[in-house]
Amino acid sequence: MVISAIATAEGRGGVAIIRMSGEGALAIARKMFSRTGEFVPNRMYPGEIDGGAFRDYGLLVYFAPPKSFTGEEVVEFHCHGGREIAHGILRRTLALGARLAERGEFTKRAFLNGKLSLSAAEGMADMINADSEAQIRAGYLLYGEKLATECRRMQAALRTALASVEVDIDYPEEDLNPRSRTEIEHTMSEIDASLSNLMKEYAVGKKLKEGIRVVICGRPNAGKSSLLNALLGYDRAIVSDLAGTTRDTVEGQLSIRGVLFHLTDTAGLRASADRIESEGVRRAEQAMRAADVIVYLKEGEPPAFPAGTPVITVGAKCDLVRREGCDVLVSSKTGEGLEALKDLLYARGYGREGDVMLMEERHYRAFERAEHAAADALAAVKAGLPPELYAEDLRRAYAALGELTGETASEDVVNEIFEKFCVGK
Ligand code: GDP
């Protein structure tokens with residue numbers, strides 16, 4: 001069945017693309033394009049496109065299977081980027097026998113045809129949905145099959161190990177073949193170590209995907225709103241001379257070296273008789289508990305910080321007063337120390353040089369299951385248990401890794417992933 005959809009974003013633009021995939025896509029395209037004759041794959045042909053009640057002058061590209069995005073016959077029409085033009089051409093493809101594509105159906109077909117792994121498809125979605133450069137880079141690593149390749153490497157080792165275990169099971173007279181046990185012990189320790197290393201990445205990857213939560217706290221009038229504005233580079237928060245005027249939390253987003261930071265400016269942390277303000281204080285404390293890193297504007301007695309959260313102590317208004325015992329001195333007025341503060345935020349809030357590829361919870365959970373199975377197998381081998389027992393653990397580890405690449409993922413999981421895509425992708 002040929003599917004068809006507008007591949008570009010809805011609305012007016014320079015160019016819109018209508019994409020079809022499936023056997024017969026070229027036959028449909030021929031019926032609505034002025035040029036006849038042969039279409040060499042991967043070449044653009046100019047001509048008139050039939051939009052039903054109108055014509056547009058545009059381009060046709062044909063991709064021959066299997067060297068197309070979906071692995072099927074693919075045709076794209078590039079037309080002028082008007083909403084009605086694109087819809088008219090889409091309607092024409094449907095009238096000629098194509099069906100409207102579902103969300104993510106092109107990519108799903110690519111996955112089902114073995115053009116990319118499930119994790120690569122997720123990486124592509126991460127890139128499209130990225131709010132920061134680092135997210136794009138992480139998504140691109142997934143899209144480039146970096147994680148899937150690592151999984152397949154571990155799967156190959158498991159297959160080899162499983163083959164020797166199966167020999168032990170099939171020929172019990174040669175039972176307790178010490179070679180296979182040592183070999184399996186070695187393989188499983190290696191896989192266990194690789195998985196643990198990868199899983200460590202998730203703490204950083206999760207932050208990368210969600211952004212790092214920074215909470216700015218300090219007494220009223222300490223300069224929190226001014227600092228938030230200075231970091232964001234625009235007047236996001238209202239700055240006031242009156243103590244206690246930032247009643248609620250005010251937020252903004254900042255990119256530091258391509259990594260996304262969510263900044264929250266809290267109401268002054270002080271006991272207050274004012275009901276609204278004490279509500280603000282409550283929220284500030286709540287915000288601090290949810291923070292990945294706290295920026296504390298030093299003044300008087302520090303508040304009680306949640307255990308385990310890194311705190312950056314800032315000496316604010318350093319153009320007026322240069323406080324002792326701070327990590328960094330900053331002036332929101334002159335800009336002094338702002339870059340140093342951003343460096344500290346990056347180091348203590350993110351702390352990673354180089355790219356990350358484990359940022360999807362689904363991948364983490366699959367690794368977790370693989371690691372448990374690997375650990376069980378290792379324990380069984382070491383305890384000298386019968387090979388039937390750890391053979392099952394090896395198969396479990398293999399299947400868990402296959403969930404990541406999509407090889408063993410259930411239909412529900414696959415559908416859920418592609419439903420998150422937009423129509424036309
Ligand atoms: P908040 O209550 O902690 O949010 O404090 P604000 O950001 O509203 O600042 C309180 C007062 O201090 C305002 O009058 C600001 O103009 C002033 N202020 C804030 N940062 C600086 C700074 O770096 N230098 C100077 N000279 N004044 C500042």
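- R323 CZ to L329 CG: the interatomic distance, rounded to the nearest 0.5 Å, is 9.5 Å.
- For R362 and S119, the side-chain atoms include no donor-acceptor pair closer than 3.5 Å.
- Here L404 contributes atom CG and R365 contributes atom CZ; the two are 13.5 Å apart, rounded to the nearest 0.5 Å.
- No side-chain donor-acceptor contact under 3.5 Å links E361 and H363.
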Item to check | Stepwise ring-ring contact (aromatic ring centres under 6.0 Å, His included) check, Y45 with F39 | outcome: CA-CA 8 Å; Y45 292 95; F39 289 95; 5.0 Å; yes
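- Taking CG of N129 as the start and CD1 of I136 as the end, the distance is 11.0 Å to the nearest 0.5 Å.
- Side chains of H87 and E10: a donor-acceptor N/O pair is present below 3.5 angstrom, by distance only.
- No side-chain N or O of E73 forms a donor-acceptor pair with one of S21 less than 3.5 Å apart.
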Item to check | Step-by-step side-chain hydrogen bond (donor to acceptor under 3.5 Å, both in side chains) determination, N42 to K67 | outcome: CA-CA 9 Å; N42 311 332; K67 286 190 169 175; over 6 Å; no
Checklist entry - Would F367 and Y364 count as a ring-ring contact (aromatic ring centres under 6.0 Å, His included) if you check the C-alpha gap in whole Å, the side-chain angles of each, and the deciding distance to 0.1 Å? => result CA-CA 5 Å; F367 280 153; Y364 180 75; 8.2 Å; no
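- At most 12 non-hydrogen atoms from other residues, nucleotides or ligands lie less than 6.0 angstrom from NZ of K206.
- Ring geometry for Y346 against F261 counts as tilted: the plane angle lies between 30° and 60°, on a 0 to 90° scale.
- Remark: K146 NZ is loosely packed, at most 12 non-hydrogen atoms of other residues, nucleotides or ligands lying under 6.0 Å away.
- Using the six-membered ring where Trp is involved, F33 and F77 have ring planes that are tilted, between 30° and 60° apart.
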Checklist entry - Taking it one step at a time, do F305 and Y296 satisfy ring-ring contact (aromatic ring centres under 6.0 Å, His included)? => result CA-CA 10 Å; F305 297 116; Y296 167 55; 5.3 Å; yes
